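Read the structure below first, then the notes.
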2 protein chains.
Amino acid sequence: MSSVAINEARTGRRNGPSIMDVARLAGVSGQTVSRVSNQPELVKPATRERVLHAMEKLGYSPNRAARALRDGVYGSIGLLAHRFDRTGEAMTTDAVLRAAETRDLSVTLVSVHEPESEGWAPAAKRLQHQTVDGLIILRSEGDSTEPLALPPRFPVVVSDSRENGQYPSVINDEPIGVRAAVDHLLDLGHRTVHHISGPTDSEPARVRATAWRNRLVAKGVPVVEPIVGDWTADAGYRIGQQIADDPEVTAVLCANDHTAFGLLHALHERGIDVPGDVSVIGFDGISLAAHATPPLTTVRQDFTTMGTELVHLLVDQMNGATTRKHPHVAVPTELVVRESTGPMRRR
Amino acid sequence: MSSVAINEARTGRRNGPSIMDVARLAGVSGQTVSRVSNQPELVKPATRERVLHAMEKLGYSPNRAARALRDGVYGSIGLLAHRFDRTGEAMTTDAVLRAAETRDLSVTLVSVHEPESEGWAPAAKRLQHQTVDGLIILRSEGDSTEPLALPPRFPVVVSDSRENGQYPSVINDEPIGVRAAVDHLLDLGHRTVHHISGPTDSEPARVRATAWRNRLVAKGVPVVEPIVGDWTADAGYRIGQQIADDPEVTAVLCANDHTAFGLLHALHERGIDVPGDVSVIGFDGISLAAHATPPLTTVRQDFTTMGTELVHLLVDQMNGATTRKHPHVAVPTELVVRESTGPMRRR
DNA sequence: TAGAAAAATGTTGACGTCGACATCCTGAGA
DNA sequence: TCTCAGGATGTCGACGTCAACATTTTTCTA
């Protein structure tokens with residue numbers, strides 16, 4: 001049995017070749033190998049070549065765990081959310097990933113299962129000394145006032161629908177889009193605007209509903225209680241079947257595009273013309289909105305900027321930048337007018 | 001200046017409290033603290049309490065980097081893909097994440113920028129000795145024959161549209177869905193089925209196109225060259241405007257649902273009835289498909305099972321299970337008939 | 001109550017890396 | 001040929017954890 005085999009048996013050899021393996025092969029000390037990795041200009045070209053060659057042959061690459069242990073830095077950021085398969089989260093995740101890579105950071109996903117059962121705090125804590133240098137929290141469901149109980153000075157950025165003051169945040173300026181949407185419909189002559197909201201435990205849903213209500217009030221227009229949906233097209237469809245029977249409804253602002261698609265479906269089925277009889281506006285600006293029947297007027301959110309800004313703010317904190325207490329960035333949303341909205345016409 | 005401050009200045013103190021900090025506070029040895037974390041039953045209840053208390057007070061939690069260094073295991077898996085914001089990737093990512101958490105694994109995202117410029121291999125290699133114990137590769141674009149050049153015995157599972165033999169894989173059985181779709185249309189009396197494909201550099205796109213062609217041939221039906229799209233609804237729309245002028249087209253199988261939405265849009269605009277004049281089938285089974293106008297017949301992919309199986313196969317490898325050379329799992333796809341398909345009618 | 005088994009706790013070292021410091025080598029100038 | 005600066009390379013130790021082994025304390029038996 002070779003000594004290598006013995007060594008493997010003893011150590012388990014789960015790790016790849018180490019700096020010492022390379023050193024031995026190249027006939028230099030470990031430190032020189034380290035220098036070749038980090039400050040090659042300090043090593044004589046001939047030696048450098050030899051080391052590089054040994055690295056190549058052994059398939060060496062520095063062990064991140066060891067580096068992390070030594071430096072206390074992981075080169076990684078955590079991304080916390082409920083789910084990652086919905087429009088907003090997926091788009092933001094992708095943008096965060098790209099922004100992080102620019103800075104040589106990797107991204108670790110962490111999902112918080114049920115908002116009720118296990119709160120955000122435990123999940124966040126689980127990460128604390130784990131493998132990330134900072135945390136981006138994509139919060140939507142759940143009570144946004146719940147404090148996160150993270151260690152002091154731990155870099156955190158929150159993506160919320162409103163500042164909660166607790167942490168720096170990047171918020172989507174949803175009210176601005178909602179106002180534009182409401183105004184757009186009112187300008188078209190509608191007497192009021194109905195609203196199909198998201199679930200009540202969702203912060204963005206509340207923010208959108210509130211902005212809608214406030215705008216109607218500000219315009220001196222009657223407010224009809226919103227109908228509660230759950231973000232899904234199915235809910236939009238169900239609700240649409242009810243709305244179809246109500247001649248009072250001539251303009252509907254949906255909490256998101258999916259809901260709008262469901263609504264459009266139901267109205268179409270009932271032979272109600274959009275925008276002839278009812279105008280519909282969505283929210284999110286998903287790519288399919290342009291190809292709804294009819295093409296959907298919607299409020300576009302800029303998830304790319306959101307992701308970029310989140311990373312930016314987080315990295316600032318990780319670098320210990322002069323953090324004036326609470327930087328907040330608002331990413332504007334924008335009304336995109338298509339063909340699902342039109343002048344009011346008595347039904 | 002307090003000694004704490006000095007200590008912080010010297011060490012940088014980037015890391016949180018260590019096992020020794022807890023040990024000192026609780027008046028025990030480091031090993032006892034370690035035991036409380038890992039095998040609490042070996043510690044006398046009274047001592048255990050004291051240690052737990054100290055941990056709580058200090059906000060201690062074990063340092064993962066140190067564990068990883070010692071054990072050679074990171075407790076983390078890497079997820080490699082081009083993008084994470086498209087239907088398939090996003091759904092799979094979410095499923096992978098859930099499956100991974102069940103096994104106490106975290107998930108690190110790695111994106112491969114341009115398939116051409118930087119290949120998969122460098123990205124994969126970058127991870128190799130980095131911070132993951134295994135790798136899940138969500139491959140779509142790029143040449144699937146390119147070998148990955150990973151270290152031998154490194155656990156890898158590939159999600160591809162076809163086995164490439166190189167690694168264990170979980171594939172979506174797309175041909176089965178495609179065949180069902182083609183048969184469905186042919187059964188409805190259509191003389192042939194046209195195809196709007198995905199981009200030619202995409203493996204799933206090729207697989208779908210091939211399955212479609214093969215089925216037509218097998219059925220002895222004339223094959224018309226597919227029209228190349230790019231997965232987007234916009235492309236579907238553009239292509240739809242051309243197709244609208246061609247009375248030969250009575251049934252179209254789209255490479256994905258987005259394309260189908262665009263197509264539906266274009267046809268609707270031209271006053272071409274679906275399914276009266278043209279039948280349309282999508283692929284993916286996104287939730288919005290049920291609410292297209294008309295509700296879209298599509299081939300549903302089971303991304304949840306995909307994610308679960310990927311993790312399953314990967315964990316098997318990580319545990320060094322008796323890997324009969326190449327386990328391959330095929331997740332079936334399924335035709336979902338809705339209202340966008342109907343009997344052929346001469347246009 | 002001695003004696004021994006069992007339970008509880010402590011000590012040591014190794015995982016891989018790299019900063020700080022020490023040592024060695026080369027070549028220029030005297 | 002000798003000295004010395006500077007370049008090149010080497011040695012040491014610390015980061016936090018935990019298996020293996022060592023030691024101490026408790027508990028039970030005869």
Side-chain angles (χ1 to χ4, degrees), chain A residues 7-51 54-55 58-75 128-131 133, chain B residues 7-51 54-55 58-75 128-131 133:
Chain A
N7 184 35
E8 288 204 11
R10 189 167 52 217
T11 66
R13 257 296 166 193
R14 271 166 149 317
N15 293 338
S18 82
I19 214 168
M20 286 310 293
D21 297 320
V22 176
R24 262 188 297 277
L25 181 57
V28 297
S29 74
Q31 183 59 215
T32 296
V33 175
S34 170
R35 270 192 279 262
V36 170
S37 295
N38 305 305
Q39 305 163 78
E41 70 280 4
L42 293 184
V43 179
K44 182 158 55 170
T47 315
R48 197 191 308 155
E49 274 318 305
R50 212 150 21 99
V51 171
M55 286 180 170
L58 262 35
Y60 166 85
S61 96
N63 181 310
R64 295 259 281 190
R67 274 193 181 168
L69 174 58
R70 190 178 187 285
D71 306 342
V73 168
Y74 296 92
Q128 157 184 353
H129 285 301
Q130 307 281 316
T131 43
D133 303 315
Chain B
N7 184 35
E8 289 204 8
R10 190 169 51 219
T11 65
R13 256 297 167 195
R14 271 163 150 322
N15 294 337
S18 83
I19 216 170
M20 286 310 293
D21 296 321
V22 177
R24 263 188 297 277
L25 180 57
V28 298
S29 75
Q31 184 57 209
T32 298
V33 175
S34 171
R35 271 193 277 263
V36 170
S37 296
N38 303 307
Q39 307 165 79
E41 69 279 7
L42 294 184
V43 178
K44 181 157 58 169
T47 314
R48 197 191 308 155
E49 273 318 305
R50 217 155 11 107
V51 172
M55 284 180 171
L58 261 36
Y60 167 86
S61 97
N63 181 310
R64 296 260 280 192
R67 275 194 181 167
L69 173 58
R70 192 182 184 285
D71 306 341
V73 167
Y74 296 92
Q128 157 185 353
H129 283 300
Q130 307 281 316
T131 44
D133 303 315

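Remember, predicted model here, so these are calculated numbers, not experimental data. Chain letters run A, B, ... following the sequence lines, proteins first, then strands; residues in each count from 1.
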Interatomic distance, [X] [atom1] vs [N] [atom2] [rounded to whole Å]:
X: B:Arg70; N: C:dT17; atom1: CZ; atom2: P; value: 17 Å
X: B:Asn63; N: C:dG16; atom1: CG; atom2: C1'; value: 14 Å
X: B:Arg64; N: D:dC18; atom1: CZ; atom2: P; value: 12 Å
X: B:Met20; N: D:dG16; atom1: CE; atom2: P; value: 11 Å
X: A:Lys44; N: D:dT9; atom1: NZ; atom2: C1'; value: 9 Å
X: A:Ile19; N: C:dC18; atom1: CD1; atom2: P; value: 5 Å
X: B:Leu58; N: D:dG16; atom1: CG; atom2: P; value: 13 Å
X: B:Leu69; N: D:dA14; atom1: CG; atom2: C1'; value: 12 Å

When all nucleic acid strands are considered with a 4.0 Å heavy-atom cut-off, which category describes A:Thr32: base, sugar-phosphate, or nothing?
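Sugar-phosphate contact only.
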
Do side-chain atoms of [X] reach the backbone of [Y] as a donor and acceptor pair under 3.5 angstrom?
X: A:Asn63; Y: A:Ala65; answer: yes
X: B:Arg48; Y: B:Val36; answer: no
X: A:Asp21; Y: A:Ser18; answer: yes

Considering only side-chain heavy atoms of [X], which listed nucleotide, [options], is closest?
X: B:Gln31; options: C:dT11, C:dC15, C:dT9; value: C:dT11
X: A:Ala66; options: C:dC18, C:dC15, C:dG16; value: C:dG16
X: B:Ser29; options: C:dT11, C:dC15, C:dC18; value: C:dT11
X: A:Tyr60; options: D:dT11, C:dT17, C:dT9; value: C:dT17

Within this structure, what is the [atom1]-[atom2] distance for the pair [X] and [Y], rounded to the nearest 0.5 Å?
X: B:Asn38; Y: B:Arg67; atom1: CG; atom2: CZ; answer: 5.0 Å
X: A:Arg35; Y: A:Ile19; atom1: CZ; atom2: CD1; answer: 10.0 Å
X: A:Thr47; Y: A:Leu42; atom1: OG1; atom2: CG; answer: 12.0 Å
X: B:Arg50; Y: B:Lys44; atom1: CZ; atom2: NZ; answer: 8.5 Å
X: B:Met20; Y: B:Ser34; atom1: CE; atom2: OG; answer: 11.5 Å
X: B:Arg64; Y: B:Leu69; atom1: CZ; atom2: CG; answer: 14.0 Å

With axes from five pairs an end, tell me the bend angle of the helix from C:dT1-D:dA30 to C:dA30-D:dT1, nearest 10°.
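The angle, to the nearest 10 degrees, is 50°.
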
Among residues at least two apart in sequence or on other chains, which ones pass side chain to side chain contact (heavy atoms under 4.5 Å, CB included) with B:Glu41?
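Checked B:Glu41 against side chain to side chain contact (heavy atoms under 4.5 Å, CB included); matches are B:Gln39.
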
N/O (side chain, B:Thr47) to phosphate O (OP1/OP2, C:dT9) under 4.0 Å
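Looking at the OP1 and OP2 atoms of C:dT9, one of them is under 4.0 Å from a side-chain N or O of B:Thr47.
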
Under 4.0 Å between a side-chain N/O of B:Arg67 and OP1 or OP2 of D:dC18, yes or no?
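B:Arg67 to D:dC18 OP1/OP2: side-chain N or O found under 4.0 Å.
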
DNA chain D contacts made by residues 35-42 of chain A, counting heavy atoms under 4.0 Å
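A:Arg35, in order of number.
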
